[in-house]
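Working notes, structure below.
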Amino acid sequence: MKTNGADDKTYLGIPLYRPRVAFFEFTSCEGCQLQILNNEGTLLDFLSLVEVVAFREAMTEKSDDYEIAFIEGSITRDDEVERLKKIRKKAKVLVALGSCACFGGVNQLKNRFHDLIAVNKMVYGEHPVNSGLVRPLCDIVKVDMQIFGCPVKKEEVEKIVINLALGKSIVLPKYPVCMECKANENICLFEQGEPCLGPITRAGCDSWCPNNKAGCWGCRGPADDANVEQMKKVMKDLGFSDETIMDRLECFGGFQTDEKNGQR
Amino acid sequence: MKKTVSVDVKHLSRVEGHGNINIKIKNGKLLEAKWQVIETPRFFEAILVGKKWDNAPWLTSRICGICSIGHMLASIRAVENAFGITPDEQTTKLRLLLKHMETLQSHILHLCFLALPDFMHAGSIFPLIRSHGDIVLLAARMKQLANDACDCIGGRRLHPTRTVVGGFTALPDKKDLASLSERLAASLADLMTLADIFRGLNIPDFERETEFVSLKGAGDYPFIGGDLRSSDNVEMKEHEYRKMTNEYMTEQSTSKWCRLSRNSFAVGALARLNNNFEFLHPTARELARSFDLVPLNHNPFMNNIAQLVECVHVVSDSIALIDHLLSSEFTAPRQEVISKSGIGVAAVEVPRGILYHCYEFDDNGRIVKADCVIPTGQNHANIQLDLEALAKDYAARGSDDRELELLASMLVRAYDPCISCSVH
Ligand code: SF4
Ligand code: SF4
Ligand code: SF4
């Protein structure tokens, strides 16, 4: 890989390679991209680590010459499929940024209706617009890395980018949010009668919601070895309705739910 | 004199979401000027159907990555209105403070990161880091302040975690509120520096008579709930919002369009300011006057300045709100919620204009019907008509593709459109 000229940074005395990165968005709220701009304290440091060559939400200049593509959003239309395939051809590393890209995110809740034409009508009446089933990126192209979360945690994105720049391998936490929550010494929300998917959801957000006394909705998808059936039983025993459990399990598309089996 | 100009912008940059601009001028005559919205919809109104009430704020927050707080507060208010819940004073003040900090965050993002590069002949804020480092640092400082405040009150700057129907899951630390107040007071100087920078810019001189729609202030500059008004003297109650928006579908857009007394109307900072000038904080009002920005101002490019004025207003008002919150003991963060059937409507002024959420609930607190009308959706028709007028003006005097492209892009950016949000 080539290096990028005079203003190279060094890390522990080793010249740091600045990868050329591009940001793209599909069907999404664009919040995950905004998270990149949202950490003003380290934004300038971050920008010195990479060379941003395309970021439509923030800049007009753009280039097709990039190595890492960060892609936000899910896929809902044929033209998006084509655009995604083109990006895949150009990028050495394709990163799915956020739960919309990884699992379909909240958008995939639309898929729980079996009649998508009726869904279209419900919103647009007699003037339906072009939109199909909501799909995550990995349904269409090979995804090299997934960064979970709705929204993604900026610190985690930065860590991943630094490791990519250093050529180090990246290991996502395998354990559940509960581990972080306990390390943060929170009082368990179950004791306060609040539902929480912390026991089965992949960590990495530093138990963001429970830290704020709000239960986890599983936005980062299942932890390795998550026992969803066991979780359902425990929550039921604690008095939560099937509906409350299902609302959380199906919210971001990370967990396999019965509703979805017939759809994909 | 033969003048042929054409502009073809695909996926306009430095706006949220996807839109195209097409302009064709032949022999000095305008053939076409089109604002096209091609964003893919996410069908939030359908997604909500069948879901219990507590899902609504959590899900609709994801309509927008910039104004997630505004959506969440509108959603909460719609649910509370349907269930007959009135928030207590503490909750009301904390919500307004949170709202203010989102307004500040969003306006600074737009003014400095999205709009300013055009005026400085740059394609983004990134090259300005070298040429105008002090401005970039100022912008980063202001945005960080607003974002830190949102973390402190809402639990998270994007898709807040603490805001729920009935109040908050947790309250901010009073020590943090006190230090926030100090930082806000110090930031007023930064805002005045920013005002000086904008005073030195060449704001395009363009006017088109427009109807402006916003909440109607009753003693205060309005943000959360209340009556609706237009500058053409239409007044409505919050629950009558549909008569204010009159949505319809058009060929050139996946977002619905709106109209009221004329073929289009505008919402946003300029509309709020035009309709509620007397309720601005005195410092903010004075700043507006120094830019000759007084009602009724019909220059859409002045929406930038109206945002700047609102920054001063929300910072000043936030300091007063925090004073008030610190002067009394905190009470319980949330009240109990008992669901019932019915319809609830909420009108909330988010950074880009007035936002409506409306839900109908069945006996079990499940959503039967949902409707969200987004500010940018209300602005699309107005952007289209402005673009036509601007292009017509230009056809009569200019002939430079690039110049018109920049001017047209700046016009659309002045509305600070949130396109994916408008399509939702
Ligand atoms: S994952 Fe969440 S925050 Fe990110 S783009 Fe999707 S909806 Fe927005
Ligand atoms: S609050 Fe949630 S994440 Fe925290 S310990 Fe309890 S179940 Fe686990
Ligand atoms: S606590 Fe759960 S819902 Fe909240 S950010 Fe972490 S994984 Fe997502």
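Per chain, numbering begins at 1; letters A, B, ... match sequence-line order.
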Item to complete: Under 4.5 Å, counting heavy-atom pairs only, tell me which of A/Asn211, A/Thr76, A/Val106, A/Thr244 racks up the most with chain B.
Response: A/Val106

Worksheet item: Around A/Lys90, counting heavy atoms of other residues, nucleotides and ligands shown, do more than 12 lie under 6.0 Å from its NZ?
Response: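 Atom NZ in A/Lys90 is crowded, with more than 12 foreign heavy atoms closer than 6.0 Å.
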
Worksheet item: Is the number of heavy atoms from other residues, nucleotides or ligands within 6.0 Å of CG (A/Leu238) greater than 12?
Response: yes

Practice prompt. State whether B/Lys51 and A/Glu250 are salt-bridged, where the test is any N-O pair (Lys NZ or Arg NE/NH1/NH2 against Asp/Glu carboxylate O) under 4.0 Å.
Written response: yes

Side-chain contact, heavy-atom cut-off 4.5 Å: [X] with [Y]?
{"X": "A/Leu34", "Y": "B/Leu109", "value": "yes"}
{"X": "B/Arg162", "Y": "A/Lys213", "value": "no"}
{"X": "B/Leu59", "Y": "A/Trp217", "value": "no"}
{"X": "A/Cys219", "Y": "B/His159", "value": "no"}
{"X": "A/Gln35", "Y": "B/Leu158", "value": "yes"}

Discussion item. Between A/Cys150 and chain B, with a heavy-atom cut-off of 4.5 Å, which part of the residue counts as in contact: side chain, backbone, both or neither?
Written reply: both

Discussion item. At a 4.5 Å cut-off on heavy atoms, which part of A/Ser28 comes close to chain B: side chain, backbone, both, or neither?
Written reply: backbone

[X] portion near chain A, given a 4.5 angstrom heavy-atom threshold:
{"X": "B/Phe168", "value": "neither"}
{"X": "B/Arg62", "value": "both"}
{"X": "B/Val164", "value": "neither"}

Item to complete: Determine the minimum heavy-atom distance between B/Ile47 and A/Arg112, stating which atoms define it.
Response: O-NH1, 3.0 Å

Practice prompt. Let me see the working for A/Glu30 and B/Ile66 under side-chain contact (heavy atoms from CB on, under 4.5 Å), right down to the final yes or no.
Written response: CA-CA 8 Å; A/Glu30 302 201 2; B/Ile66 303 183; over 6 Å; no

Practice prompt. Name the option with the most non-hydrogen atom pairs under 4.5 Å to chain A; the candidates are B/Asp54, B/Val49, B/Leu48.
Written response: B/Val49

Worksheet item: Between the side chain of B/Arg156 and the main-chain N/O of A/Asn212, is any donor-acceptor distance below 3.5 Å?
Response: no

Worksheet item: Do the side chain of B/Thr169 and the main chain of A/Ala214 share a donor and acceptor less than 3.5 angstrom apart?
Response: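 The answer is no, because no donor-acceptor pair under 3.5 Å joins these two groups.
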
Worksheet item: Relative to the ring of B/Trp58, is the ring of A/Phe252 parallel (under 30°), tilted (30 to 60°) or perpendicular (over 60°)?
Response: perpendicular

Worksheet entry | Distance-only polar pair, side chains of B/Arg42 and A/Asn107, donor-acceptor under 3.5 Å |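 Side-chain D/A pair, B/Arg42 to A/Asn107: absent.
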
